[in-house]
Amino acid sequence: MRSRTNQIIIRLSDEELADLNEKVGRVRGSRERFIRQCISGAAIREAPSVDVPKLICEVRRVGASLNRILIIANARGLLEVPELRRAMERNRELEVRIVDAYTKD
């Protein structure tokens with residue numbers, strides 16, 4: 001059973017409808033969801049481009065590779081590799097910044 005049983009009819013001019021459709025297109029959702037978010041006061045953000053999830057995946061892959069290299073270096077008793085540790089920290093910071101840009105309000 002549907003939880004939203006109430007319905008309203010809104011009449012819009014051609015310009016208003018075009019504006020609404022443009023805004024909905026940028027957030028990649030339905031008009032109904034967009035309007036409910038506006039009513040509830042939720043922060044509405046544009047959807048990330050298709051490349052952003054791929055970028056996040058690649059940053060995480062690089063971080064995992066750096067971590068494996070660091071584990072091997074420590075296990076073999078190689079010299080301390082501060083540059084590698086700094087690279088891992090920068091990679092983690094970058095990942096957090098990318099994710100935060102598209103998920104936090």
Side-chain angles (χ1 to χ4, degrees):
M1 179 151 205
R2 290 183 175 207
S3 63
R4 295 183 179 103
T5 58
N6 299 313
Q7 181 180 10
I8 60 172
I9 297 174
I10 300 174
R11 300 192 190 285
L12 302 173
S13 68
D14 291 339
E15 295 84 20
E16 292 169 332
L17 181 60
D19 187 40
L20 176 63
N21 288 335
E22 176 191 340
K23 290 177 181 178
V24 169
R26 286 186 290 189
V27 298
R28 294 191 190 129
S30 68
R31 283 187 288 198
E32 293 80 5
R33 180 176 179 222
F34 180 82
I35 292 170
R36 282 193 297 270
Q37 287 176 329
C38 289
I39 292 170
S40 69
I44 300 171
R45 294 175 176 247
E46 288 187 24
S49 71
V50 176
D51 296 338
V52 172
K54 290 179 183 176
L55 176 64
I56 291 170
C57 183
E58 187 65 19
V59 167
R60 287 179 176 164
R61 188 188 66 74
V62 169
S65 296
L66 287 171
N67 193 38
R68 282 193 298 271
I69 292 169
L70 191 58
I71 288 170
I72 292 169
N74 283 336
R76 293 188 179 173
L78 298 176
L79 296 174
E80 179 65 24
V81 192
E83 293 171 12
L84 185 57
R85 288 191 190 281
R86 281 194 297 275
M88 278 193 63
E89 290 170 7
R90 286 193 305 266
N91 190 61
R92 286 185 185 135
E93 290 170 5
L94 177 62
E95 178 186 341
V96 167
R97 276 190 263 151
I98 292 170
V99 171
D100 286 351
Y102 290 100
T103 57
K104 288 192 177 178
D105 292 333

| Quick one: side-chain contact (heavy atoms from CB on, under 4.5 Å) partners of Glu89, sequence neighbours excluded? | none
| query | Any link between Leu55 and Val96 through a network of hydrophobic side chains (Ile, Leu, Val, Met, Phe, Trp, Tyr) touching at under 4.5 Å? | reply | no
| What residues form a side chain to side chain donor-acceptor pair (under 3.5 Å) with Ser30, not counting sequence neighbours? | none
| So, for Asn91 and Val59, which heavy atoms are closest and what is the spacing to 0.1 Å? | ND2-O, 3.0 Å
| Would you call Met88 and Ile69 a side-chain contact if the rule is heavy atoms closer than 4.5 Å? | no
| For Glu16 and Leu20, what are the C-alpha separation, side-chain angles and deciding distance, and is it a side chain to side chain contact (heavy atoms under 4.5 Å, CB included)? | CA-CA 6 Å; Glu16 292 169 332; Leu20 176 63; over 6 Å; no
| said: Heavy-atom count check: over 12 atoms from other residues, nucleotides or ligands less than 6.0 Å from Arg36 CZ? | reply: yes
| query | How long is the span from the CD1 atom in Ile35 to the CD1 atom in Ile8, to the nearest 0.5 Å? | reply | 7.0 Å
| message | Once rounded to the nearest 0.5 Å, what's the spacing between atom CD1 of Ile72 and atom CG of Asn67? | response | 10.0 Å
| Would you call Glu93 and Arg90 a salt bridge, taking side-chain N to carboxylate O under 4.0 Å as the test? | no
| Lys23 side chain reached by Asp19 side chain, heavy atoms, under 4.5 Å | yes
| task | Taking side chain to side chain donor-acceptor pair (under 3.5 Å) as the test, write out the residues that go with Arg60, two or more places apart. | result | Glu95
| query | From Leu17 CG over to Arg31 CZ, what is the distance, rounded to the nearest 0.5 angstrom? | reply | 5.5 Å
| said: Is any side-chain heavy atom of Arg4 closer than 4.5 Å to one of Glu32? | reply: no
| query | What distance do Ile71 atom CD1 and Leu66 atom CG have between them, rounded to the nearest 0.5 Å? | reply | 11.0 Å
